[in-house]
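For this chain, numbers begin at 1 and follow the sequence in order. When reading the values below, keep in mind they use all heavy atoms of this one structure, side chains included, and skip hydrogens, waters and symmetry mates.
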Amino acid sequence: MRTYFEIINDVLERVSGGETAITVPEGVVMLDEITWDCPPIKSIKLPSSLRIIDSYAFEDCDSLKELILPPNTVTIGNRAFIGCSGLEKITIPEKLTTIGEEAFCSCVSLKEIIIPAACVLFGEKIFRDCRELSSIKVSPDNDLYDSRDNCNAVIRKHSNTLLAGCYNTVIPKSVNHIGQGAFYECKKLSRVVLHSNIVTVGRDAFGGCSNLKSAYICQSVTEIGDRAFWNCPSLETLVISDSVKKMGNDVFYMCPSLRKVHVKNVTGDKKAAEEIYRQTGISPETTIKNAVADNDIDFIIDYGNEYITNENIDYLIGISAEKKCTEVSAFLLKLKHIGFSSSDEDYL
């Protein structure tokens, strides 16, 4: 059955017919939010005249496995390829300047991508839920972004901000900031270790990382944005420093598995610790105030085993299990030794 194209002022708006392999006519300059009145598209050849792929243009084209963008294409709009779950490979031309927000959201089969030299605008959460993505490279000729040290991430050069990564990303030591939504819904990510040069963690940076089990945040971090770790249902262990001076809203919201929180008290700042405990919901704020007031060294809260102890084991704060950490009865005992046979790693 023949394929029909509805084209208005050089803009493709509708495709209908019975073919699964189509060729878009020359002269089309823009793909709009296309209505696909046809069987699932398995392959598509785009015209050399194409310049703009607008928002949602290929939404839910889940049978499309590979796509080559024409050399004159300059813009990929917001969520242009959202839900293209079968897309494994896309070739982006060197002239492309703009990639919109969540452009490849839920392209769960996409394995690799190369950001061209001309790209100057890079939206948030571009690789949201790209769970198989393992290779991210930026052209060495790009003036604004790079993927230094083969890190498998996109980094803004002038600010050393990691903008987008994948489960295979190795954060370079030269990175100072984790950008907004950088690893959003990176569902294969299981462990986060932020090195000692990182200062800020942006909004939604690790939100929705459903398999993330542990996060280690170094004492150089001073700011954590809204919802930075929200909806991480597998997160069990958090190691964080009280050097954090600003913490956004709902940083640990919807983290029901969080059991071990280790606050590294290096500055004596009580407010940061109180905010961490307030957001995790592990223990009432008043108990934390009392605990911190008497103990300005490292301590651990373990919700699952109903106890709190510091790293050097000078004090033990016991919590009655039947109170479920909502009505806490706490007591302090001066201790020199506790006969734990476990290694420190069991608690961190």
May I ask you to decide if [Y]'s main-chain N or O and [X]'s side chain share a donor-acceptor pair within less than 3.5 Å?
X      : Y      : value
Asn231 : Ser210 : no
Thr200 : Glu223 : no
Ser109 : Ser85  : yes
Asn142 : Cys119 : yes
Asn72  : Leu50  : no
Ser106 : Ile82  : no
Tyr167 : Leu133 : no
Glu26  : Ser48  : yes
Asn78  : Glu101 : yes
Asn197 : Lys173 : yes

ask   = Just one of Ile92, Ile99, Ile126 clears the side-chain contact (heavy atoms from CB on, under 4.5 Å) bar with Ile113, so which one?
value = Ile92
ask   = Atom CD1 in Ile53, atom CZ in Phe81: separation rounded to 0.5 Å?
value = 4.0 Å
For [X] and [Y], which heavy atoms make the closest approach, and how far apart are they?
X      : Y      : result
Ile178 : Ala205 : CG2-CB, 3.9 Å
Ala21  : Ser43  : CB-OG, 3.2 Å
Cys218 : Ser243 : O-OG, 4.3 Å
Ile155 : Val175 : CD1-CG2, 3.7 Å
Thr23  : Phe5   : O-CZ, 3.3 Å
Val201 : Val221 : CG2-CG1, 4.3 Å

ask   = Just checking, any donor-acceptor pair under 3.5 angstrom between side chains of Thr3 and Glu19?
value = yes
ask   = Does a side chain donor of either Ser234 or Asn211 reach within less than 3.5 Å of an acceptor in the other side chain?
value = no
query = Is Lys137 paired with Glu112 through a side-chain N to carboxylate O contact shorter than 4.0 Å?
reply = no
Lys/Arg N to Asp/Glu carboxylate O, Arg128 vs Glu185, below 4.0 Å = yes
message = Measuring only between side-chain heavy atoms, which start at C-beta, is Asp149 closer than 4.5 Å to Val170?
response = no
query = With under 30° as parallel and over 60° as perpendicular, where do the rings of Phe122 and Phe127 fit, or are they tilted in between?
reply = perpendicular
task = Kindly indicate, with the supporting measurements, whether the criterion salt bridge (charged side-chain N to carboxylate O under 4.0 Å, His left out) is fulfilled by Glu102 and Arg79.
result = CA-CA 5 Å; Glu102 300 186 5; Arg79 303 171 193 86; 3.2 Å; yes
ask   = Do you reckon Tyr184 sits in the same ILVMFWY cluster as Phe206, going by side-chain contacts under 4.5 Å, direct or chained?
value = no
